[in-house]
Amino acid sequence: MSETIAGIPARADIVVVPARPDSERKGLTKKEIAADHPTWCPGCGDFSVLALYFKLIEKRKLTHEQFVSIAGIGCSSRFPYFVQAHGAHYIHGRALPFASGISLSRPDLHVFVFGGDGDAFSIGGNHFTHTARKNVKLTYVVMDNWVYALTKKQTSPTSPLGFKSKTDQWGAVDYPINPMKQAIAAGATFVARTTSTNPNHVLAMMEAAMDHDGFGFVECLSECVEFYEGAFDAANPRKGGMFKEVPKDHDATDEQAAYQLAGTDFPGYFGIFYKASKPTKNAKEAEIIKSYQSKVTGQKDWQILQKNFDRMK
Ligand SMILES: Cc1ncc(C[n+]2csc(CCOP(=O)(O)OP(=O)(O)O)c2C)c(N)n1
Ligand code: SF4
Ligand SMILES: [Mg+2]
């Protein structure tokens, strides 16, 4: 237990790669990690998020062994397929628990999770709540298009009232959830909102979330041009809409103020709504491991495990 990474003690059984590349090491370029042809429809908002992710990797000079890209299922969740780096396309709604395992066992990695509104707030709604409250260190970018797109237009938890889809032919009758309120209420320690039509802003929000020591959530409006065309025109100045940044005097450490901001009618605000500093699950677990390891010096992992199993008998 000689090294620490961001204050977290390294585990003896894990080969630790430095969190920052040393000066001789070159970071990855977009060309090196971009897959041939993303299979999204031309004009899909998700392209912009992918391009900005490449930009982020390039800007921060990350190398292959320093980050992973994880997703569930959906058009947006195809994301890791299009990144030639370590990652996984996992089960629908289950990206967060899978990513949590990676983050907790490899605290030196940047763990990025991508998904859609269905994946995050419907089937994965419980995982969203619990990963947020546990403050697992990872960055979660949800490409919210207000629809289930991969399965060809069903109502999603963020579809507005009246939205006509295959599951609501006469228009949606269920009240939509507000992802920002949901994240704040669940205990997320970094909550931001952006839109894929503003690339500089997307990059800034992803970078800020990545630098946050805890659960960083970014809701990114991302238009599905096939099944919900024009959904976000009101947030796009090029379509006659308005892009309003979070007011300069907003105190992002004030939970009530953040919640209030999240309640603003669409198109609402864009930027960092909430940011709190709280110990992560990663740091807490590392403390437990450290103190336990000091009591079992000289024992092999399997011997410790065996003792635990014996205790359960
Ligand atoms: C367990 C399970 N249930 C349902 C599905 C079918 N399914 C695949 S993607 C999806 C919804 C995707 O919507 P969203 O997460 O918003 O992603 P989008 O396609 O809109 O980007 C559903 C219901 C599945 N693959 N697995
Ligand atoms: S169906 Fe919609 S979300 Fe899926 S790739 Fe096409 S435009 Fe994008
Ligand atoms: Mg969707």
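Below, all heavy atoms of this structure are taken into account, side chains as well, without hydrogens, waters or symmetry copies. Ligands are counted one by one from 1 in listed order, and the atoms in each one are counted from 1 as well. In this chain, numbering begins with 1 at the start of the sequence shown.
Partners of D249 according to the side-chain hydrogen bond (donor to acceptor under 3.5 Å, both in side chains) rule, which considers only residues two or more places apart in sequence or in another chain, do not exist here.
Protein N, O or S atom count below 2.8 Å of the Mg ion (ligand 3): the structure gives 3.
Not less than 6.0 angstrom separates the ring centroid of Y269 from the ring centroid of H250.
Using a 4.0 Å cut-off between a side-chain N of Lys or Arg and a carboxylate O of Asp or Glu, D310 and K307 do not qualify as a salt bridge. In summary, R60 and D211 engage in a salt bridge, as defined by a charged side-chain N under 4.0 Å from a carboxylate O.
Less than 4.0 angstrom separates some heavy atom of N145 from each of these atoms of ligand 2: 3 (S).
For the residue pair Y81 / T39, no side-chain donor-acceptor distance below 3.5 Å is found, with atom types taken as modelled. Of the N and O atoms on the side chains of T280 and D213, not one donor lies less than 3.5 Å from an acceptor on the other residue. A donor atom on one side chain and an acceptor atom on the other are found under 3.5 Å apart for S222 and D46.
In terms of modelled atom types and a separation under 3.5 Å, the side chain of D117 and the main chain of V147 share a donor-acceptor contact. A donor-acceptor distance shorter than 3.5 angstrom exists from the side chain of K137 to the backbone of H212, with no hydrogens or angles considered. Not a single donor-acceptor pair under 3.5 Å links the side chain of T131 to the backbone N or O of F128.
Sorted by chain then number, the residues whose non-hydrogen atoms approach ligand 1 to under 4.0 Å are I73, G74, C75, S76, H92, G116, D117, G118, D119, I123, N145, V147, Y148, A149, L150, T151.
Shown here are the protein N/O/S atoms lying under 2.8 Å from atom 6 (Fe) of ligand 2, water excluded: C41 SG.
None of I70, V141, L50, V113 except one satisfies the side chain to side chain contact (heavy atoms under 4.5 Å, CB included) rule with F79; the exception is L50.
Between F47 and W40, the angle of the ring planes goes over 60°, which puts this pair in the perpendicular group of the 30/60° scheme.
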**OP:** Would you check, one step at a time, whether the test side-chain hydrogen bond (donor to acceptor under 3.5 Å, both in side chains) holds for Y148 with S122?
**Re:** CA-CA 10 Å; Y148 287 0; S122 228; 2.7 Å; yes
